[in-house]
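Down below is the structure, laid out as structure tokens.
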Amino acid sequence: MADVVVKLEGPGGPEKLTVTEQEPLQPGNGEILVRHEAIGMNFVDIYHRTGAYALPAYPGVIGVEGAGIVEAVGPAVTAIRTGDRIAYTATLGAYATRRILKAERAFLLPQAVDSRTAAASMLKAATAYMLLHKTVCVGSGMTVLVHAAAGGLGAILVRWAKDLGAIVIGTVSTPEKAHIARSHGADHLVIGRNADLVSEVRALTDGKGVDIVYDGIGGDTLVQSLRSLKPFGRAVTLGQAAGPVPPLNVEELRQGKSLSHASVIAFTADPANYRQAGEAAIAAIARGLSSIIAADYSLNDVQEAHRTLESGRLAGSFLLLP
């Protein structure tokens, strides 16, 4: 079976993704050759495809996480051997049957974690670690608002925040997704895209508001998130599923409120942060804090996969399978 790679020809719609054969790959100094068993899909893939987050050059290869088998190691690689099972995250170039990866970006997978689960969960679990332990240190008794609480990242955030002793309010678009969010431990839910978020949050918190909001929705939702905070609470914006965030009036930060713009890609650009977040993610996945796999697609069906992911119809994580 021929090796294939998905090339993004330029910013645009799913039609910009084309599947082509690739030449045999050979790892160089400090590199490994990985045969993917599963490739994770994330909303950052959509941002890369549309040009919201531009690639360094075109054509390019998107996708930032995967898991598989090491088929060859280059010179100076000592901690990883041929045949090892590994996973990685926050590293562009995943949409291919095989890829070259810097050995320092690979994490050995424990027996308890299969490749599908790792590929579906690594980026989301690493992001959750950053959000819960670095952006804000979440602790017992804090009240946290998680948008898209039934999604791949949202579900892990809900469960991890609950493990830390937080009270979690989630938002979901449908009653079906509400059932999923409840199964992950959400204490309260705001249901429906047109719900009065601020009023419902105030009612659920005796008029106080929440300590933290994690907002991956973007668009006009961020203002509502800020208005749902208690004094000196913090909102964290980390995505724009509903579109770019419009200019924000600084008056929204009165009462000591603050706003962070978190990026796990930026956070893990530092090698020490990458190792810390990746190891924490694998430990979390091993104890069950993993994503539900909503759907998987062949690499040849990557355009359809992007259309479905972008639509938001399904809750959970998406995989591409070589």
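Taking both residues in full, the closest heavy atoms of L55 and G60 are given as CD1-CA, 4.0 Å, listed atom of the first, atom of the second, then distance.
More than 12 heavy-atom neighbours from other residues, nucleotides or ligands sit within 6.0 angstrom of NZ on K162. The number of heavy atoms from other shown groups lying within 6.0 Å of CG (D220) does not exceed 12. Within a 6.0 Å sphere centred on CD of E23, heavy atoms belonging to other residues, nucleotides or ligands number 12 at most. Counting non-hydrogen atoms of neighbouring residues, nucleotides and ligands closer than 6.0 angstrom, the CZ atom of R275 exceeds 12 such neighbours. With a 6.0 Å radius and a threshold of 12 heavy atoms from other residues, nucleotides or ligands, R287 has its CZ atom above the threshold.
No continuous path of hydrophobic side-chain contacts links Y95 to I32 [ILVMFWY only; heavy atoms under 4.5 Å]. L222 and L197 fall within the same hydrophobic cluster, where Ile, Leu, Val, Met, Phe, Trp and Tyr residues are linked whenever their side-chain heavy atoms come under 4.5 Å apart, directly or through other members.
One finds the CG atom of L145 at 11.0 Å from the CG atom of D211 (value rounded to the nearest 0.5 Å). For the atom pair NE2 (H133) and CH2 (W160), the distance works out to 5.0 Å, reported to the nearest 0.5 Å. Summarising the geometry, atom CG belonging to D45 is positioned 5.0 Å from atom CD1 belonging to I62; distances are rounded to the nearest 0.5 Å. Within the model, atoms CZ of R234 and CG of L253 stand 11.5 Å from one another, a figure rounded to the nearest 0.5 Å. Atom CG in L25 sits 6.0 Å away from atom CG in L33 (nearest 0.5 Å). Going from atom CG of L131 over to atom CG of L153 covers 6.5 Å, rounded to the nearest 0.5 Å.
With a 4.5 Å cut-off on side-chain heavy atoms, M142 and L164 do not count as touching. Side chains of E200 and H188 form no contact here, defined as non-hydrogen atoms less than 4.5 Å apart. L8 places a side-chain heavy atom less than 4.5 Å from the side chain of L17. Under the 4.5 Å side-chain criterion, counting only non-hydrogen atoms from C-beta, T171 is not in contact with Q224. Considering only heavy atoms from C-beta on, M41 comes within 4.5 Å of H306 through its side chain. With a 4.5 Å cut-off on side-chain heavy atoms, E9 and Y58 do not count as touching.
With respect to the salt-bridge test (charged N to carboxylate O, under 4.0 angstrom), the residues D3 and R35 do not qualify. One finds no salt bridge joining R307 and E310 here, because no Lys/Arg side-chain nitrogen approaches an Asp/Glu carboxylate oxygen to under 4.0 Å. Of the charged side-chain nitrogens involved, none lies within less than 4.0 Å of a carboxylate oxygen, so that E252 and K257 do not count as a salt-bridged pair.
Looking at Y88, F107, F267 one by one, the single match for ring-ring contact (aromatic ring centres under 6.0 Å, His included) with Y274 turns out to be F107. Of the candidates V144, T127, V138, L132 forms a side chain to side chain contact (heavy atoms under 4.5 Å, CB included) with just one, namely V138. With Q22 as reference, T97 is the one residue of V4, T97, V61 to meet the side chain to side chain contact (heavy atoms under 4.5 Å, CB included) rule. Between I285 and the options T117, I156, L109, D114, a side chain to side chain contact (heavy atoms under 4.5 Å, CB included) holds for only T117.
Side chains of Y214 and T135: no donor on one and acceptor on the other come within 3.5 Å. Side-chain contact, T221 with H147: no donor N or O sits under 3.5 Å from an acceptor N or O.
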